[in-house]
Amino acid sequence: MGLFGNIFGGNSEAKEETSFPWKAVDSEGKLNEIDAVSQEKLCVIFKHSTRCGISKMALRQFEKEAEIEEES
């Protein structure tokens, strides 16, 4: 990656793959969909920061403890 990549945020850690069915919320429409679905079943919005160690720890713990219900 080079000298500057190592100084300014180069990351040699391997990315962890997860089987958790995350869905990006990138529009107001997605929030409206979540609101509609939440009338029938539990929905969770998890705001994750890729630069925060505490957020990364909470994400791992959430994925470890959550029971995933398969969608049909």
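In this structure, the side chains of Met57 and Phe62 stay at 4.5 Å or more apart for every pair of heavy atoms. Between Lys30 and Asn32 the shortest side-chain heavy-atom distance does not fall below 4.5 Å. Taking 4.5 Å as the limit, every side-chain heavy atom of Phe46 sits out of range of all side-chain heavy atoms of Val25.
Here the straight-line distance linking atom SG of Cys43 with atom CG of Leu31 works out to 11.0 Å at 0.5 Å rounding. Remark: Ile45 CD1 to Ser38 OG distance equals 8.5 Å, nearest 0.5 Å.
Enclosure of atom CD in Glu28 is not indicated, since only 12 or fewer non-hydrogen atoms of other residues, nucleotides or ligands lie within 6.0 angstrom.
With hydrophobic clusters built from ILVMFWY side chains whose heavy atoms lie under 4.5 angstrom apart, Val37 does not share a cluster with Val44.
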- Just do the side-chain contact (heavy atoms from CB on, under 4.5 Å) check on Arg60 and Lys56 with the steps written out, would you? CA-CA 6 Å; Arg60 283 190 201 140; Lys56 189 173 188 176; 3.0 Å; yes

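Of all heavy-atom pairs between Ser55 and Lys47, the closest is OG-O, 4.2 Å.
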